[in-house]
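Data first, discussion second: the structure below is written as structure tokens.
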There are 2 protein chains.
Amino acid sequence: MNQTTESRETVQVSVDVVLLTLIEQQLHAVLLKRAAAPFAGVWALPGGYIHADEDADAKASAARVLRTKVGIEGAYLEQLATFSGPARDPRGWSVAIAYCALLPVQNLPPDRADISVVPVSALPQLPFDHRDIVDAALARVRSKSLYSSLPVHLCGETFTLPQLQQVYENILGEPLNKVSFRRKMDEMDWLEAVAGAMQSGAAHRPAQLYCVKPAFRQELALSPRGL
Amino acid sequence: MNQTTESRETVQVSVDVVLLTLIEQQLHAVLLKRAAAPFAGVWALPGGYIHADEDADAKASAARVLRTKVGIEGAYLEQLATFSGPARDPRGWSVAIAYCALLPVQNLPPDRADISVVPVSALPQLPFDHRDIVDAALARVRSKSLYSSLPVHLCGETFTLPQLQQVYENILGEPLNKVSFRRKMDEMDWLEAVAGAMQSGAAHRPAQLYCVKPAFRQELALSPRGL
DNA sequence: TAAATAGTGTCTGTTAGACAGTATACG
DNA sequence: CGTATACTGTCTAACAGACACTATTTA
């Protein structure tokens, strides 16, 4: 809070969201074609100014951006970091509160001309410092996947342990030990088995379906020693 | 970034700093007596508006606040989180980019009437949402101390391993195993021994002095598996 | 030489990964 | 019954903590 009453050059405050999903074993980010200047017509992160008259806080602004501009609801949302400076936006000194959002691929909105879902390994050039923001999101998601239940937010309502392990492996970019993974999931007690097993007609033993325990639905669960 | 050009109610952006130091085995926070309304005369976190005409980014604003309002320089600075909403400041919808700063006690400024250094376990009532910000800083410092070299920023230029272990223990609030701690410090290779040993006239074997390796002076070093 | 803390060697229990086995579906 | 994947039992290697021992200073 300020200790003086002097007024200074205005600072623009916006919210930017890195919306990630997992498609065909690869993390993808959702980009929006910018409607207005600057960078009109360019693919960029979904974002927008804070609406002081309707947003309860910046997280609510991010949720509103996802709802009104991307058309999704219920994504896992977590504040990432705040980016600032005179050069990141050509309009002048600006502040962007960046959020990271995770969504199962099946909850993505239907195809739209102004929405692009691209692998994070093949992003186009992004305006502002959006590339830095995406990089920060990827670093955060990868590091948190080492010791938390964060990746469950990329799975649907129910999933099998082999599926969940694959999600972890896709995010981390390295194979995990099956026995250790299942032992951890068991110890952490984040999941509960659903009555019916998944058969899916595959020519092998069906896998048990699990869902996240209600207590961890919105919150993250942490593991003391990783994995 | 915004996708529209509409303009809305203004949002105030400030920077708040949780400056922590270790005094007599206890974490202390530095509070400043507010000079201006709101909450004039009340102890609060050092903070201030961003000066768009001189600050390179919000971190520079935080460093400037520490320099001009608290009188310190060279503290370890790390962005914490951004707090926002219509209710946190009586002047209206506001955004506070919070930073956490660590400083060895010997680098604190000389006593001043408008500066108070209080144990974090005995903080007074704080205005705005400064209590939430302090709590976030403590949670961050404690969790990062589990797997990084962050506590070295609370030590002076040189220190002994028993001293450093005590800093970790004071932050974490629990005793650490001496053998394991020294084994980790050795494996991580963050420190280097200084030529002379510290005797300090104590009636026992003197301890080797260490300093942080130059590569980790400003950056943090992480440990893959904790401690 | 007694007291006090620094620093080290080694044992043991815990945890993580490798491997191989059993279970259960489909064709 | 062959194949493919789910799941489990068990061995082994790596790691962390406990304990005890040696080292070096002052009084």
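Only a predicted model underlies this, so the values are computations on that prediction, with no experimental measurement involved. A, B, ... follow the sequence lines: proteins, then strands. Residue 1 opens every chain.
- The terminal axes of the helix from C/dT1-D/dA27 to C/dG27-D/dC1, fitted over 5 pairs per end, subtend an angle of 10° to the nearest 10°.
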Please tabulate, one pair per line, all N/O donor-acceptor pairs under 3.5 Å involving side-chain atoms of residues 105-114 of chain B, not counting sequence neighbours.
residue: B/R112; atom: NE; partner: B/D114; partner atom: OD1; Å: 2.9
residue: B/R112; atom: NH2; partner: B/K69; partner atom: O; Å: 2.9
residue: B/R112; atom: NH2; partner: B/D114; partner atom: OD1; Å: 3.3
residue: B/R112; atom: NH2; partner: B/D114; partner atom: OD2; Å: 3.1

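- Taking atom CE of B/M185 as the reference point, atom P of C/dT8 lies 15 Å away to the nearest angstrom.
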Contact state string [nucleotides 19-27 of chain D, B base, S sugar-phosphate only, - no protein heavy atom under 4.0 Å]: B---BBBB-
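- The CZ-C1' distance, from A/R183 to D/dT10, rounds to 10 Å in whole Å.
- Residues forming a salt bridge (Lys or Arg N to Asp or Glu O under 4.0 Å) with B/E169 (at least two apart in sequence, or on another chain): none.
- For the salt bridge (Lys or Arg N to Asp or Glu O under 4.0 Å) condition, the pairs that include at least one residue of residues 143-167 of chain B, sequence neighbours left out, are B/E78-B/K144, B/E157-B/R217.
- B/R142 pairs by the salt bridge (Lys or Arg N to Asp or Glu O under 4.0 Å) definition with nothing, not counting sequence neighbours.
- In this view, B/T68 and B/R64 satisfy the side-chain contact (heavy atoms from CB on, under 4.5 Å) rule, not counting sequence neighbours.
- Enclosure of atom CD in B/Q125 is not indicated, since only 12 or fewer non-hydrogen atoms of other residues, nucleotides or ligands lie within 6.0 angstrom.
- By the side-chain contact (heavy atoms from CB on, under 4.5 Å) test, A/V42 pairs with A/F39, A/P127, sequence neighbours left out.
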Could you go over nucleotides 12-15 of chain D and give all protein N or O partners under 3.5 Å, atom names and distances?
residue: D/dC15; atom: OP1; partner: B/R225; partner atom: NH2; Å: 3.2

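- As a whole-Å value, the separation of A/Q165 CD from D/dT5 P is 14 Å.
- With sequence neighbours excluded, the residues forming a salt bridge (Lys or Arg N to Asp or Glu O under 4.0 Å) with B/D135 are B/R131, listed by chain and number.
- Atoms CD (A/E174) and P (C/dA16) sit 15 Å apart, rounded to a whole Å.
- A/Y76 is linked by a ring-ring contact (aromatic ring centres under 6.0 Å, His included) to A/H153, counting only residues two or more places apart in sequence or in another chain.
- Atom CZ in A/R182 sits roughly 14 Å away from atom C1' in D/dG9 (whole-Å rounding).
- Atom CZ of A/F181 and atom P of D/dC7 are 12 Å apart (whole Å).
- Residues satisfying the salt bridge (Lys or Arg N to Asp or Glu O under 4.0 Å) criterion with A/D132, sequence neighbours excluded, are absent altogether.
- The backbone N or O of B/K59 lies less than 3.5 Å from a partner atom in the side chain of B/Y99, making a donor-acceptor pair.
- One atom, CZ of A/F159, and another, P of D/dA6, lie 15 Å apart when rounded to the nearest Å.
- Rounded to an integer number of Å, the gap from A/L146 CG to C/dA16 P is 13 Å.
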